[in-house]
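We number each residue from 1, following the sequence as shown.
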Amino acid sequence: MVSSPFDQSVNRDQTCAVKFDARKTVFGREDVIPAWVADMDFAAPEAVTRALVERARHPVYGYTLFPDSLYQAMMDWYQTRHGWRIEKEWILMVPGVVPSLNAACLAFAKEGEGVIIQPPVYPPFFNSIRQTGRTVIENPLIQEPGVDGESGQYRMNLDHLEACAAQTDARMLMLCSPHNPVGRVWSRQDLEAVLDIARRHDLVVLSDEIHCDLTFDDSPRHHVLATLARPGDKLVTAVAPSKSFNLPGLGLSALVIEDEACRRAMLAEFQRLHVLQCNPFSAVGFETGYREGGPWLDELRDYLKGNRDYVVQRVRESLPGIRCTAPEATYLMWLDCRDLGLSDAQLKRFFVQQAGVGLNPGITFGEPGSGYMRLNMGCPRSVLTEVLDRIEAALRARG
């Protein structure tokens, strides 16, 4: 069997990597295999590393502008990969998707007003609303019954979403598309229904599409929400090369906002905090990823699909009490551990103390995540095998 470059192990210890060097703080021990925080253990595309090294050779790292070539690389990428025509004037370069969630709460809702989210969902969705003094309105996803020993797939509860949007204080919907942690690629029909609801109730929709490049070839097509929108829709789309090319530490993303009033409102929040400054290295990584990272990403998606299928097989065959469904996107597996009969605190202790692996507790994604764990499969197959072997051994010892 031909080895993949993604089989290569990269030692990340003592590199100030949150995923590795925060293990003692997060899990209470340093020897757990980290399969939690959502970055991958793969070397970034060689073209990105080469470009960063070349930039570092220039010995002045001063205040930096975003070059036109950066915008063009991004626009070309989304036109080619997603059929999305973006105008440069629609783009705001910002320091990350999470800061954008906070800025959107400030821009589009007043203190005490409501922001709709669809749990179980990425924890910063909750945090951004609460930390800015806004009110969380939950529109939980519905999990269908599982078949053949797998956990059920999720779908939106659109009738309930309509009721949430009809609340007098609802101002915005935060959509996760593709969805983290459940791995759904939402259908065109679902997305059009979301837009219809938003129009009827004058909602701003912030669509976090940071995982849009990480779909699998046997999954439904990802539709960028903005490609289904009409003029006048209040839509903010968050994108970044950080998940696509494993560059989250460079701290740069983009917002695409066609509606001028919405764009001005978001710009005002970032200008107020003076956080639009460009880092010379983040700009280089951003542009090079979009310009030259395509072949690397295609290989990555194939490798991740293999990892996904391997996890599904191992869960079905050798991890009694745990179920999962193959995600349609992302490098995250949503493990249904409810049949183990453990509380959330006991579940975390089991994985850390008995199995020696560090995962994200599902309860941190909202109450619908109770009894689940999120596994990051963005690692060499050998590491993933060790993670699953440890879980299997811990389950056998448990009896």
Side-chain angles (χ1 to χ4, degrees), residues 78 81-84 97 101 104 114-122 125-126 136-147 150-167 170-239 243 256-259 308 324-330 332-334 365-366 368-369 372:
Y78 283 98
R81 292 266 172 164
H82 298 281
W84 183 20
V97 171
L101 301 178
V115 178
I116 304 168
I117 58 175
Q118 298 175 311
V121 72
Y122 182 48
F125 277 45
F126 289 94
V136 174
I137 301 175
E138 295 194 24
N139 168 228
L141 301 178
I142 296 175
Q143 189 173 26
E144 302 287 3
V147 295
E150 295 187 4
S151 57
Q153 191 56 277
Y154 286 82
R155 64 178 174 85
M156 292 189 201
N157 187 340
L158 293 170
D159 290 338
H160 186 257
L161 176 59
E162 182 90 48
C164 292
Q167 295 185 29
R171 295 291 177 266
M172 180 170 62
L173 165 67
M174 288 183 179
L175 179 72
C176 198
S177 179
H179 193 280
N180 170 12
V182 308
R184 281 305 314 271
V185 173
W186 302 120
S187 70
R188 179 181 183 127
Q189 181 180 5
D190 283 339
L191 295 174
E192 289 178 336
V194 167
L195 287 171
D196 285 342
I197 291 170
R199 290 181 195 118
R200 281 194 293 273
H201 300 282
D202 196 29
L203 291 181
V204 176
V205 180
L206 186 148
S207 186
D208 174 4
E209 307 201 20
I210 197 171
H211 290 101
C212 68
D213 291 319
L214 295 174
T215 59
F216 301 111
D217 60 14
D218 59 356
S219 298
R221 176 190 170 191
H222 171 76
H223 295 276
V224 173
L225 187 64
T227 63
L228 309 177
R230 302 173 187 167
D233 284 344
K234 297 178 179 179
L235 176 61
V236 176
T237 307
V239 295
K243 303 300 182 187
V256 183
I257 313 172
E258 183 174 357
D259 182 81
R308 178 201 68 176
C324 71
T325 294
E328 297 168 338
T330 81
L332 307 166
M333 303 291 297
W334 190 233
F365 297 82
Y372 292 77

Taking all non-hydrogen atoms of both residues into account, name the closest pair between [X] and [Y] and its distance.
X	Y	value
Arg308	Ala326	CD-CB, 3.8 Å
Pro178	Thr215	CG-CG2, 4.5 Å
Pro119	Glu138	CG-OE1, 3.4 Å
His179	Val121	NE2-CG2, 3.8 Å
Pro327	Ser219	O-OG, 4.4 Å
His223	Leu191	O-CD1, 3.4 Å

Nearest-0.5 Å distance, [atom1] of residue [X] to [atom2] of residue [Y]:
X	Y	atom1	atom2	result
Leu235	Arg230	CG	CZ	13.0 Å
Gln118	Asn157	CD	CG	9.0 Å
His160	Leu141	NE2	CG	11.5 Å
His222	Phe216	NE2	CZ	14.0 Å
Cys164	Ile117	SG	CD1	10.5 Å
Cys212	Ile210	SG	CD1	9.0 Å

(message) I'd like to know if the side chain of Trp186 and the backbone of Met156 have a donor-acceptor N/O pair within less than 3.5 Å.
(response) no
(message) Whether the side chain of Arg184 engages the backbone of Tyr154 through a donor-acceptor N/O pair (distance < 3.5 Å, no angle test) should be reported.
(response) yes
(request) For Tyr372, enumerate each residue passing the ring-ring contact (aromatic ring centres under 6.0 Å, His included) test, keeping only those at least two apart in sequence or located in another chain. (result) Trp334
(request) Would you please name every residue forming a side-chain contact (heavy atoms from CB on, under 4.5 Å) with Arg200, sequence neighbours left out? (result) Glu162, Asp196, Ile197
Do the side-chain N and O atoms of [X] and [Y] include a donor-acceptor pair separated by under 3.5 angstrom?
X	Y	result
Ser187	Gln189	no
Asp213	His82	yes
Thr237	Ser207	no

(request) Determine, step by step, whether Val205 and Val236 satisfy the side-chain contact (heavy atoms from CB on, under 4.5 Å) criterion, reporting the C-alpha distance in whole Å, the side-chain angles of both residues, the deciding distance to 0.1 Å, and the verdict. (result) CA-CA 6 Å; Val205 180; Val236 176; over 6 Å; no
(request) Before accepting this row, confirm whether a basic side-chain N of the pair Arg171/Asp202 lies closer than 4.0 Å to the acidic partner's carboxylate O. (result) no
Do [X] and [Y] come close enough that some side-chain heavy atom pair is under 4.5 Å?
X	Y	result
Val136	Phe125	no
Leu158	Val194	yes
Val182	Gln143	no
Asp208	Leu175	no
Glu209	Val224	yes
Leu332	Pro181	no
Tyr78	Val256	no
Ile116	Met172	no

(message) Going by side-chain contact (heavy atoms from CB on, under 4.5 Å), Leu173 matches just one of Val204, Ile137, Leu206, Leu161. Which one?
(response) Leu161
(message) Taking atom CG as the centre, does Asp218 end up with more than 12 heavy-atom neighbours from other residues, nucleotides or ligands that are less than 6.0 angstrom away?
(response) yes
